[in-house]
Each structure stands twice: as C-alpha cells, then as structure tokens.
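A, B, ... follow the sequence lines: proteins, then strands. Residue 1 opens every chain. Excluded from the calculations below are hydrogen atoms, water molecules and symmetry mates; all remaining heavy atoms, backbone and side chain alike, are included.
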Amino acid sequence: MLKMFGAFCIIGGCGYIGFKIAHIYSKRVELFRFLQNGFSLLETEINYSSTPLPLALERVGMKINKDCGSLFAKAATMLHRKNGITASEAWNEGIITLSNKVPLTKEEKELLNVFGHGLGCSDKEEQLKNIALTKKQLYMVEKSVEEEQKKNQKMWQYLGICTGAVIVLILL
Amino acid sequence: MAKVFINKDADIKESINKENVTTHPTEIKKSIISVSPLKIYSLSWFQALSPNIQELVIDCLQSFIGEFEEIRLRINQPIIFRTGLKEMTVTSQKQLTFNLEKGYLINKEEIDRTVQLLSQNSLYAWEDEFKNGYITIPGGHRVGFVGKCVLDKGNIKTIKDISGINYRIGRQVLGCADKIIPHIINNDQIYHTLIISPPQCGKTTLLRDIVRQISDGISKIGFQGVNVGLVDERSEIAGVYQGKPQFQIGLRTDILDACPKSQGMMMLIRSMSPRVIATDEIGKKEDIDSIYNALQAGVTVITTVHGGNYEEIKGRPNLKELINWRFFDRIIVLSRRKGVGTLETVIDGKTLEGI
C-alpha cells in the first residue's frame with residue numbers, strides 16, 4: 001500500500017514538472033501574441049492622441065494581459081517617478097520585469113531592447129515606423145515560438161510522466 | 001495608479017497657488033525678511049529641472065526664491081539664474097556665487113536628460129511645440145530651446161542636438177493692473193488699449209491681470225465682468241498646460257491656446273462673442289487686419305507690443321497705420337525704471353497727448 005502511494009507521488013511529481021515546463025511554451029506563444037496587441041495599442045496612443053509616453057504605456061499596461069502588461073506597466077511607473085530616467089532605461093527595466101515572469105531568449109530581449117532605444121526620442125512618424133518594425137519581428141518570433149510549442153509541448157508532458165514511471169520501475 | 005495621478009495633480013495645483021501668491025515685486029524683499037512661506041521643492045519650475053540640478057540648488061537658492069525670472073542651461077557653460085538684473089550661478093560645491101566663471105558646467109547629458117524630462121520622454125507629443133522652439137510646463141512657465149534645426153522642404157521640422165535651454169518663469173502678480181484699470185475702463189466702456197513695453201518689463205503679467213479683472217469684474221468701481229476672448233499664441237498669458245490654464249485669468253475668459261493671432265481673433269468673434277479680445281505682441285500685417293475686423297464686430301481690443309517708447313512704435317510699419325488711424329483710445333508705456341512694470345506714461349490715443 002505504502003509502495004503504491006510512493007509510486008503515485010513520484011509519477012505525479014514528475015508529471016507536474018513536465019506539465020509546468022510544457023506550460024511555458026504556451027505561455028510564450030501567448031506572450032508574443034499579446035505583445036503585438038500591446039504595440040498596436042501603443043501605436044494608437046501615439047498616433048491618434050499624442051499621449052505622452054508615461055501615460056500611454058500605463059494605459060497599454062492596464063489594457064492587456066497581466067504578464068505581458070508588466071513590461072509596459074513597469075516602464076510607465078519608472079517614467080512617472082520623473083527622476084531623469086530616459087525612456088530607453090525605463091523600457092529596459094520593463095524587459096527585466098517581463099523576463100522574470102516569462103522566460104525570454106537573448107534574441108528576444110535584444111529585439112525589445114532595440115525598440116526601446118528609439119522610444120520617445122523622435123517624431124511621430126519615426127515612432128510609428130519603429131513600432132511597425134517591432135510588430136513585424138514579434139510576429140515572426142510568434143511563429144517560431146509556435147513551432148517550438150508544437151514540437152516540445154507534448155514531449156515535455158509525456159516526458160514528465162514517463163520519467164516518473166521509469167524511476168518507479170527502477171525503485172521497484 | 002490613478003491615485004498617484006490625483007496626488008500629482010494636487011501637488012501641482014498647490015505649488016501654483018503658492019507661487020501665485022507672490023505679491024507686488026517691491027514687497028518680495030519684505031517677505032524674505034520675514035519667514036518665507038515658499039519652499040523651493042514645491043515650485044513647479046523647480047520640479048522641471050533635472051534631478052542632478054535640483055540636488056545642486058535645493059539648499060542655496062532658497063533666499064532668492066520668488067525672484068527668479070530665468071534659468072539658463074547652455075552646453076559646457078555655467079548654469080545661470082537671473083533675478084531682475086542680477087545673474088548668479090551655483091558651484092559644484094552647492095554654493096551660490098555671482099562669479100559666473102566658477103559655476104557648475106552643464107554637459108550634454110544634462111541637457112539631454114532635461115529635454116527628456118520636460119517632454120516626458122515623448123518628443124512626438126510635443127512636435128508642434130518643438131517646431132516653435134518652446135514648450136509650456138505645469139505652472140505656466142515656458143521653456144525655450146535652441147539647437148540644430150532640421151528642415152523639411154524649407155520649413156523647420158524639429159530641433160535636434162539641443163544646446164541651450166531657457167526657463168522663463170511666469171509670475172502672476174494679482175492686482176498689478178490696479179493702477180492701470182482706471183485708464184482702461186470708464187463707467188461701462190472699455191477702451192481699445194495698446195501696452196508698449198521693452199522685453200521683461202512685465203507686459204504679459206500686466207495683460208494677464210487686466211484680463212482677469214475685466215473678466216471677473218471689479219466691485220470697487222462697480223464694474224461687472226464681461227466676456228473676454230484671449231488669443232494666447234505663445235501659451236504665455238494663460239499658461240495652458242494640457243488644456244488647463246495655469247494662471248488665474250478670470251471666470252469669463254475663453255482661451256484659444258497656441259493659435260495664430262489673426263485667425264484666433266476671427267475665430268473668437270465668430271464662436272464665443274466676446275466683448276473684449278486680448279492678445280499679446282501684435283505687429284504683423286495680418287494682425288492689423290484682424291484688429292480692424294474686431295472693430296467692425298464691436299469688440300474691444302487690448303494688446304501689447306514690444307518697444308522702448310511711444311516714438312519708436314510710431315515709426316513701425318504696421319503699427320504706424322493703427323496709431324495714425326487713432327484706433328487705440330489708450331496707449332500705455334511701461335519701463336523698468338523703478339522696478340519691473342513701472343508705469344511710464346499713459347497717452348490718449350485720440351489726441352495723442354499724455355494723460
């Protein structure tokens with residue numbers, strides 16, 4: 001009886017870890033989709049109502065999903081403090097907050113980082129160009145992350161349970 | 001988040017109120033001797049300085065607070081604070097000094113950070129303002145820029161590589177028009193008035209108070225307020241920041257902010273039917289034309305012009321016409337002889353003789 005309970009625990013635990021890892025893949029796909037939404041919203045704020053950056057970022061941060069919104073929200077809070085921080089520095093802080101919630105690769109961070117360099121310090125036209133470019137790149141990243149998800153998500157789910165089963169077999 | 005905002009707004013309002021309490025220039029000295037109620041960190045122009053500079057000046061400027069008219073930052077030059085005719089600077093040891101050579105040198109990064117702060121990191125939101133070379137900040141102060149102009153088909157697109165920043169600190173002196181009002185208002189009639197003044201003699205401050213008094217009404221002489229249309233081409237009179245006037249300009253005043261004077265006057269006449277139109281610094285041909293139009297509509301015009309004295313204005317191409325035509329009922333000349341806003345002469349525009 002006790003053995004059965006132990007085996008159950010091991011399989012359950014390993015399975016849980018597997019599912020957790022698999023979940024990251026879907027979270028990442030979701031993130032890149034929402035990021036594109038976020039950039040579209042930012043585009044509207046800048047283009048249509050010329051909202052200053054702190055307010056624009058704050059509004060975007062509130063409108064989209066929590067994980068992804070943390071990028072915008074954090075940058076907005078940094079800028080609201082008015083301690084002489086540049087938009088690019090504030091944006092980088094946002095990226096750090098985001099990467100703590102959802103793992104990002106170096107290239108993805110770099111992509112967002114490059115966007116930050118141009119943030120706020122040029123006229124409307126250039127801002128819109130910058131946003132459009134970043135959106136396009138995000139779309140491409142989304143596609144490749146989707147591929148990754150298809151390939152790996154199922155594998156990690158099975159791998160967790162199977163590893164658990166193997167451990168149980170060895171121990172028996 | 002929203003709460004933070006409300007607080008910030010309240011802060012700004014508070015600081016404006018404190019700033020606007022400033023009494024007549026001659027009384028400032030007295031208020032310094034007694035305990036000064038103003039705290040430098042509560043002033044809106046102080047909050048618009050970069051944190052580095054704020055830290056540098058927070059302790060040493062307190063004694064001149066309320067007197068500053070300009071703060072100038074130029075690349076690789078000392079920071080300069082100007083009060084009236086005196087100029088001073090701050091050393092890197094946070095000491096106030098009149099020896100400008102010892103002053104703290106402003107570097108490019110400082111300028112860049114200041115611009116980012118002033119524009120809230122959003123140059124795109126202030127495109128038009130940058131084209132004109134200045135922006136209005138909370139408190140109604142104006143900040144001017146120079147740098148390299150970027151042209152697009154011969155027109156200025158924006159200014160880049162900003163090398164100099166000038167904070168012009170706007171000040172509301174409630175009641176500074178008290179002496180002049182009797183010359184402008186006679187029973188219920190308001191005269192067409194031209195204010196002539198050299199730069200920095202309180203021309204805008206005076207106009208602001210005239211507008212306020214005419215708009216609110218003056219109980220002392222039994223004058224009921226009338227509708228005033230204000231064309232504030234350079235956002236200087238009302239100091240509008242994001243739609244809200246930062247100075248008291250009266251309860252019957254309609255403001256067209258950042259609008260070219262000639263167009264603005266016509267728009268106001270059509271849309272808001274004012275009794276009085278006030279505007280700053282006329283001089284262009286179109287301005288004169290729209291003043292004629294205002295006259296046709298039965299609207300009183302109160303305006304100002306840059307100039308040392310009456311003779312000088314009489315010689316100006318477009319203004320000459322107006323004066324010879326005897327358009328203005330009153331011509332008021334200001335100077336700096338006995339401090340900012342000295343009333344030099346009042347001339348009856350019909351007889352062209354002093355009153």
Side-chain angles (χ1 to χ4, degrees), chain A residues 39 42-64 66 69-94 97 115-132, chain B residues 1-9 11-12 41 44 46-56 73 107-131 135-138 147 150-152 155-162 241-243 258:
Chain A
F39 277 90
L42 189 62
E43 192 177 346
T44 319
E45 289 289 347
I46 288 176
N47 190 21
Y48 185 66
S49 52
S50 284
T51 318
L53 213 45
L55 195 57
L57 290 172
E58 188 192 318
R59 284 186 189 159
V60 174
M62 281 192 303
K63 277 180 202 157
I64 53 174
K66 225 172 161 196
S70 69
L71 167 66
F72 297 93
K74 178 72 183 176
T77 349
M78 295 302 289
L79 287 176
H80 272 313
R81 278 187 207 156
K82 291 198 176 171
N83 51 3
I85 193 170
T86 65
S88 143
E89 285 163 358
W91 183 253
N92 281 348
E93 290 290 323
T97 315
F115 170 78
H117 287 318
L119 193 59
C121 52
S122 61
D123 64 3
K124 213 178 261 179
E125 215 176 299
E126 293 300 314
Q127 294 294 310
L128 296 182
K129 260 193 230 164
N130 195 9
I131 291 177
Chain B
M1 210 63 231
K3 202 177 168 205
V4 174
F5 254 109
I6 292 160
N7 285 343
K8 204 172 281 170
D9 253 349
D11 275 357
I12 291 170
Y41 49 79
S44 45
F46 179 76
Q47 289 161 358
L49 292 168
S50 81
N52 242 350
I53 300 174
Q54 277 187 7
E55 199 187 316
L56 207 61
L73 317 179
N107 54 22
K108 181 156 184 357
E109 201 196 323
E110 202 85 68
I111 297 254
D112 288 346
R113 292 225 175 230
T114 308
V115 173
Q116 293 259 331
L117 186 81
L118 288 169
S119 64
Q120 293 187 307
N121 309 78
S122 331
L123 290 190
Y124 62 83
W126 313 94
E127 261 174 63
D128 290 332
E129 283 86 347
F130 268 84
K131 252 179 231 171
I135 62 174
T136 305
I137 58 170
V150 183
L151 296 184
D152 183 29
N155 293 322
I156 296 171
K157 200 173 159 205
T158 184
I159 301 178
K160 67 167 186 177
D161 297 338
I162 287 168
Y241 177 75
Q242 294 186 345

**Message:** Does any part of the side chain of B/K157, heavy atoms only, come nearer than 4.5 Å to the side chain of A/D123, both counted from C-beta?
**Reply:** yes
**Fill in**
Residue from B/T114, B/T158, B/L117 scoring the most non-hydrogen pairs under 4.5 Å with chain A is B/L117
**Request:** For A/K124 and B/E127, work out which heavy atoms get closest and say how close.
**Result:** N-OE2, 2.8 Å
**Prompt:** What part of A/L79 gets closer than 4.5 Å to chain B, counting heavy atoms only: side chain, backbone, both or neither?
**Reply:** side chain
**Separation between CD1 of A/I85 and CD of B/Q116, rounded to the nearest 0.5 Å** = 10.5 Å
**Prompt:** Would you say the side-chain atoms of B/Y124 pair up with the backbone N or O of A/T51, donor to acceptor, closer than 3.5 Å?
**Reply:** yes
**Request:** Measure A/E89 against the heavy atoms of chain B and call it side chain, backbone, both or neither at under 4.5 Å.
**Result:** side chain
**Request:** Looking only at non-hydrogen atoms, find the nearest pair between B/N121 and A/L53 and report the distance.
**Result:** O-CD2, 3.2 Å
**Prompt:** Between atom CG of A/L119 and atom OG of B/S122, what is the distance when rounded to the nearest 0.5 Å?
**Reply:** 8.0 Å
**Message:** Show the nearest heavy-atom pair for residues A/S50 and B/A125, with the distance to one decimal.
**Reply:** O-CB, 3.2 Å
**Complete:** Tightest non-hydrogen contact, residues B/Q120 and A/P52, listed as OE1-CB, 3.0 Å
**Asked** Take atom CD in A/E126; do more than 12 heavy atoms of anything else shown fall under 6.0 Å from it?
**Response** yes
